[in-house]
Amino acid sequence: MSQDLAPKLGKPVSRFAFGVMQFGGKADATASAALYRRCRDAGINMFDAAYAYTGGQAETILGELAEPEREKVVLISKCLTATGQRGSEIEAQAAESLRRLRTDHVDVLYLHRWPGDELLDEVLTSMAALHRQGVYKVLGVSNFSAWQVMKAQARAEALGAPRIGALQPMYNLVKRQAEVELLPMAIAEGIAVHVYSPLGGGLLTGKYAAGAAGRLTEDAMYRDRYAPAWMHAAASGLSAIAAGLGVDPATLAVAWAAMHPGVSAPIISASRSNQLEPSLAALDFDMTDALYNEIAALVPAPPPATDRLEEA
Ligand SMILES: NC(=O)c1ccc[n+]([C@@H]2O[C@H](COP(=O)([O-])OP(=O)(O)OC[C@H]3O[C@@H](n4cnc5c(N)ncnc54)[C@H](OP(=O)(O)O)[C@@H]3O)[C@@H](O)[C@H]2O)c1
């Protein structure tokens, strides 16, 4: 089974997606329009939003920008902002997302997180109804573990929801958990994978070693997520490799995440246009196997999902 989303969507799909989590936040409407335009000029047609982002501003701004060329772009959104939400809340969120995005359907609709065992059937029943109504084409799940994906896949089939066709896990040089179960599963099951935070929220740009401010100094969740000293050491190591090659560390970080055979597209992002260029440069960067391995060796590989290490 292929991981390619294009046949399921009936339109071409770019090699990278752009995430609009900063639209209406750090990027005002003017900055968001510049980011959108630059992505389109670089050939990107996939835009990743969520009901939860910036109180709805992200979807609203994206909807305004994409409306004139709706059929050319792949609009992605997410519902279910918190574990425990009922099916009716999810259906209301999806309806509001369509209104904000100025469209009658999104191409991919993700469950943003695991609904909880008790509510899984109720949530998938709502996703089945939304699919019958044409609200979305491909069902995705984000922040699920592999067993949760496969459990949801089985329940989706039983409840008349479509097959899960897209995953959205965190994945970057210092967050490699997805390599253990999710990415091999996605290859085996023919599920597209859009990985988020390819720059580790900005850590892998090297700017924090230089004392700069940004998400990791301003947002406690991100500061804690990327707190371990070994992650900062890896970012410095990546910067040193990049300096030796005369490229931006962000270019290497994005190209590295995109290189895994299970990754369909990294979701790049930026708060300003000038931040975007190094990530876009990864589209044309020639990552050799030797360089990939040199970068991978900056961090410990995640342990395999078995204790029979002699067979792994
Ligand atoms: N499904 C989920 O739960 C989930 C979670 C997170 C993200 N996402 C999606 O994935 C997208 C990307 O995630 P992400 O924003 O975490 O990606 P990321 O690429 O790891 O981080 C992007 C951030 O890094 C900083 N940055 C980027 N380029 C830079 C440069 N050249 N120099 C210095 N700083 C730079 C900026 O933050 P500062 O300016 O603040 O430093 C920018 O907002 C989001 O927009 C969203 O669509 C999904």
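All ligand and atom numbering here is 1-based and tracks the order in the structure.
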Colleague: Who pairs with Arg86 by salt bridge (Lys or Arg N to Asp or Glu O under 4.0 Å), at least two apart in sequence or on another chain?
Modeller: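 Salt bridge (Lys or Arg N to Asp or Glu O under 4.0 Å) check on Arg86 returns Glu122.
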Colleague: Below 4.0 Å from any atom of ligand 1, which residues have a heavy atom? Give them in chain and number order, please.
Modeller: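 Residues Gly19, Val20, Met21, Gln22, Lys26, Asp48, Tyr53, Lys78, His112, Ser142, Asn143, Gln168, Tyr196, Ser197, Pro198, Leu199, Gly200, Gly201, Gly202, Thr205, Lys207, Tyr208, Gly214, Arg215, Tyr222, Ile267, Ser269, Ala270, Ser271, Gln275, Pro278 each place a heavy atom under 4.0 Å from ligand 1, listed by chain and number.
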Colleague: Indicate whether the side chain of Arg113 and that of Thr83 have a donor and an acceptor atom separated by less than 3.5 Å.
Modeller: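 Thr83 and Arg113 do not have a side-chain donor-acceptor pair below 3.5 Å.
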Colleague: Under 3.5 Å, which donor-acceptor pairs link side chains of residues 188-199 to any protein atom two or more places apart or in another chain?
Modeller:
from	atom 1	to	atom 2	distance (Å)
His194	ND1	Tyr110	OH	3.1
Tyr196	OH	Asn143	OD1	2.6

Colleague: Does any pair with a residue in residues 259-284 pass salt bridge (Lys or Arg N to Asp or Glu O under 4.0 Å), and if so which ones, sequence neighbours excluded?
Modeller: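 Found Arg38-Glu277.
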Colleague: Using 0.5 Å steps for rounding, measure from the NE2 atom of His232 to the CG atom of Leu204.
Modeller: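 Taking NE2 in His232 and CG in Leu204, the distance rounds to 9.5 Å.
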Colleague: Check the pair Ser126 / Glu91 against side chain to side chain donor-acceptor pair (under 3.5 Å), numbers first and verdict last.
Modeller: CA-CA 7 Å; Ser126 287; Glu91 290 177 52; 2.6 Å; yes
